[in-house]
Amino acid sequence: MLKTILSQIKEFKRASILTPLCVLGEVILEMLIPLLMASIIDQGVSAGNPNHIKTISAWMLLMAVISLILGLLSARFGAQASAGLAKNLRQAMFEKIQTYSFSNIDHFSTASLITRLTTDVTNVQNAYMMILRMCTRAPASMLVAMTLSFTINAKLASIYLIAVVVLGLLLFCIMRHAIKYFNQVFQRYDDLNVSVQETVSGIRVVKAYAREHHETEKFHKASQNIYKVFLSAEKILSWNTPLMTLTVYTSILLISWLGANMIVSNTLTTGQLMNLLTYCMNILMSLMMLSMIFVMVTMSAASAERICAVLQEDPDLKEPDHPLLEVPDGSVTFQHVDFSYRKESQKPVLRDINFSVRSGETIGILGGTGSAKTSLVSLISRLYDVTAGQVLVGGQDVRAYDMDALRNQVAVVLQKNVLFSGTILENLRWGDPNASLEDCQQACRLACAHEFIQRMPKGYDTQLDQSGTNLSGGQRQRLCIARALLKKPKILILDDSTSAVDTATDARIRQAFAQALPNTTKFIIAQRVSSIAGADRILVLDNGQVSGFDTHDALLEHNKIYREVYQSQTSGIGDFDEGRDNEWLHTQNLRMAGDPNQN
């Protein structure tokens with residue numbers, strides 16, 4: 001873990017080295033100043049030597065100025081090193097997440113990844129700053145002060161040693177009990193982020209169902225859980241200050257009493273006693289500082305483990321050793337494909353899928369909710385890897401291609417439309433960064449989006465809100481289709497991407513595809529038979545298996561599932577699921593009526 005975190009220091013190694021060096025110089029000068037002060041008292045004031053006072057005072061002033069400069073430099077270098085480490089950690093994590101497959105992302109929750117990129121990195125940044133400065137200052141200050149104290153008077157210095165050992169043991173016990181609470185708190189942060197993310201992203205649904213009070217209560221519960229964990233930890237840590245105060249003042253009283261007796265017996269000078277009291281505070285405050293460092297390091301250790309889990313996660317999808325960089329055509333073949341989201345799953349999502357599609361064909365895909373339609377097309381662009389069998393694109397296994405090369409030739413319009421903050425034109429150019437305005441307009445005409453864009457105040461320069469919330473669902477769908485068309489792909493996948501547009505617009509889009517993309521293989525997932533009836537062939541999925549794969553007319557004649565869906569929709573009953581639900585209800589009614597043929 002430590003090696004993984006420190007590997008991200010990179011260009012900030014120099015600042016990381018200079019910070020503790022400046023701190024050491026600052027500490028040494030600070031510890032020498034009390035010795036000079038004792039010299040002023042014993043050899044200047046007591047001896048009545050004003051020249052000695054002036055000389056030593058000048059040296060003290062010089063040391064104080066140099067110490068101040070070193071302190072400023074240590075703060076600057078420490079901030080540079082810790083902020084730089086945080087920057088590199090976030091960059092490394094973000095780049096790593098980009099290499100994840102969908103299954104890797106499923107392993108972490110989105111809210112958890114956000115927490116790791118923000119809260120956890122901030123904890124590590126703060127801990128690194130404390131390690132560079134306070135973790136150098138505290139031991140160095142304690143060691144130098146203890147050494148100088150023993151050179152002045154070993155008997156009185158022994159009081160420090162006993163106090164350090166006793167206080168150290170007490171603080172260790174406190175910290176050990178507090179650690180378990182800090183290890184719990186970050187899971188609570190994940191839960192809080194989940195609550196915030198769901199509520200903010202779904203605020204329209206929350207308001208539509210008047211569920212503000214429910215969501216507020218859910219957030220309050222998540223926030224209360226964090227409060228309780230921190231409160232439990234702070235209750236234990238609250239013993240630090242009183243124990244520290246008790247130890248400090250006990251040490252001061254003992255040193256003052258014993259030191260006064262030594263001054264009377266002429267075995268100790270007033271300046272030396274003053275030195276010892278100063279070092280007493282330095283030693284015990286350094287110990288208190290170490291306890292604070294221990295708390296921060298304990299918290300950051302849990303954060304560091306979570307960061308390392310992201311950085312060390314092995315992507316499920318790997319590039320081949322000698323990848324193919326060109327996709328010859330848009331032909332697609334599934335050969336005995338099984339697929340499961342989890343390797344240990346007993347029941348695959350897709351089972352023994354076999355079919356072949358020629359380049360340029362239009363394939364409709366129909367199936368009920370949960371029949372794995374989206375899972376099937378996700379295998380074409382290798383968003384997941386098959387569990388068994390092969391998926392061939394252009395005659396080659398998709399695992400043989402460079403993933404970027406493959407995905408650049410497979411355009412996908414997902415069921416959930418995703419647009420980003422920026423202008424309409426900037427969003428369209430995700431499909432082709434070099435696309436001209438004319439190219440974007442032509443793609444929008446094919447997707448039936450040009451008309452509504454022209455009616456907007458700034459046309460293609462209209463600014464979109466986050467996720468395109470200032471557009472309707474149908475408008476977002478059409479923009480996503482236009483964005484996919486700009487890729488000029490060999491394979492185009494429309495995953496129920498015209499569900500929010502009217503039937504007439506849906507027909508216009510399909511007609512435009514047929515005319516403008518004759519050589520592009522098109523997969524159209526739909527719930528409406530009318531959206532895919534004109535396809536070259538239609539694939540019917542049922543519970544993760546191929547129920548039929550043929551033309552519209554042939555399926556009407558030979559495939560019971562397709563015929564039921566078609567009849568239910570043309571008779572106005574409903575879509576795929578509704579048709580099958582009606583069949584189930586009809587069967588149940590017959591059974592309840594006592595029909596013997598339904599048992």
Side-chain angles (χ1 to χ4, degrees), residues 23-24 26-47 53 56-57 60 63-64 67 130 133-178 234-295:
V23 170
L24 283 173
E26 181 186 8
V27 167
I28 291 171
L29 290 174
E30 285 180 358
M31 292 300 104
L32 289 175
I33 287 175
L35 288 177
L36 296 178
M37 179 62 73
S39 176
I40 288 176
I41 294 172
D42 293 336
Q43 300 176 32
V45 177
S46 300
I53 295 174
I56 299 301
S57 296
M60 288 177 63
M63 287 184 178
S67 178
M130 292 185 74
R133 299 193 67 203
M134 295 178 67
C135 206
T136 303
R137 166 179 281 278
S141 180
M142 186 185 298
L143 183 62
V144 174
M146 191 73 75
T147 302
L148 293 175
S149 296
F150 271 92
T151 60
I152 295 171
N153 190 290
K155 182 179 178 180
L156 292 179
S158 300
I159 296 174
Y160 303 157
L161 193 58
I162 295 170
V164 166
V165 172
V166 172
L167 189 57
L169 289 173
L170 291 172
L171 292 178
F172 174 77
C173 293
I174 292 172
M175 292 302 106
R176 194 176 71 171
H177 285 86
E234 290 299 331
K235 283 180 179 178
I236 296 172
L237 293 177
S238 64
W239 286 94
N240 273 11
T241 301
L243 286 174
M244 178 69 191
T245 304
L246 177 64
T247 305
V248 167
Y249 284 111
T250 301
S251 299
I252 290 174
L253 286 172
L254 287 173
I255 291 170
S256 299
W257 182 65
L258 292 174
N261 289 330
M262 289 181 178
I263 290 173
V264 171
S265 61
N266 292 322
T267 57
L268 188 73
T269 66
T270 304
Q272 288 175 330
L273 177 60
M274 186 177 174
N275 255 359
L276 289 170
L277 290 173
T278 303
Y279 291 144
C280 173
M281 291 300 296
N282 281 328
I283 291 169
L284 297 177
M285 289 305 295
S286 295
L287 192 61
M288 189 63 179
M289 199 181 296
L290 283 174
S291 72
M292 293 170 57
I293 294 169
F294 193 75
V295 172

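Basis for what follows: all heavy atoms, side chains included, without hydrogens, waters or symmetry-related copies.
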Q: Evaluate the side-chain proximity of Leu273 to Asn153: yes if any heavy-atom separation is below 4.5 Å, no if none is.
A: no

Q.
Would Ser256 and Leu277 count as a side-chain contact (heavy atoms from CB on, under 4.5 Å) here? Give the steps.
A. CA-CA 8 Å; Ser256 299; Leu277 290 173; 3.8 Å; yes

To check you understand the geometry: which heavy-atom pair defines the closest contact between [X] and [Y], and what is its length?
{"X": "Ala140", "Y": "Leu24", "answer": "CB-CD2, 3.6 Å"}
{"X": "Thr250", "Y": "Leu246", "answer": "OG1-O, 2.6 Å"}
{"X": "Met63", "Y": "Ile33", "answer": "CB-CG1, 4.2 Å"}
{"X": "Met146", "Y": "Ala157", "answer": "SD-O, 4.3 Å"}
{"X": "Pro139", "Y": "Cys135", "answer": "CD-O, 2.9 Å"}

Q: With sequence neighbours excluded, tell me which residues meet side chain to side chain donor-acceptor pair (under 3.5 Å) with Ser251.
A: none

Q | Set of side chain to side chain donor-acceptor pair (under 3.5 Å) partners for Arg133, sequence neighbours left out | A |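 With neighbours one apart ignored, the set is Ser74.
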
Q) CD1/Ile255 to OG/Ser149 distance, rounded to the nearest 0.5 angstrom? A) 7.5 Å

Q. Out of curiosity, Leu243 CG to Leu170 CG, how far, rounded to the nearest 0.5 Å?
A.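 Output value for this atom pair is 5.5 Å.
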
Q: Flag yes if more than 12 heavy atoms outside Met262 fall under 6.0 Å of its CE atom; otherwise flag no.
A: yes

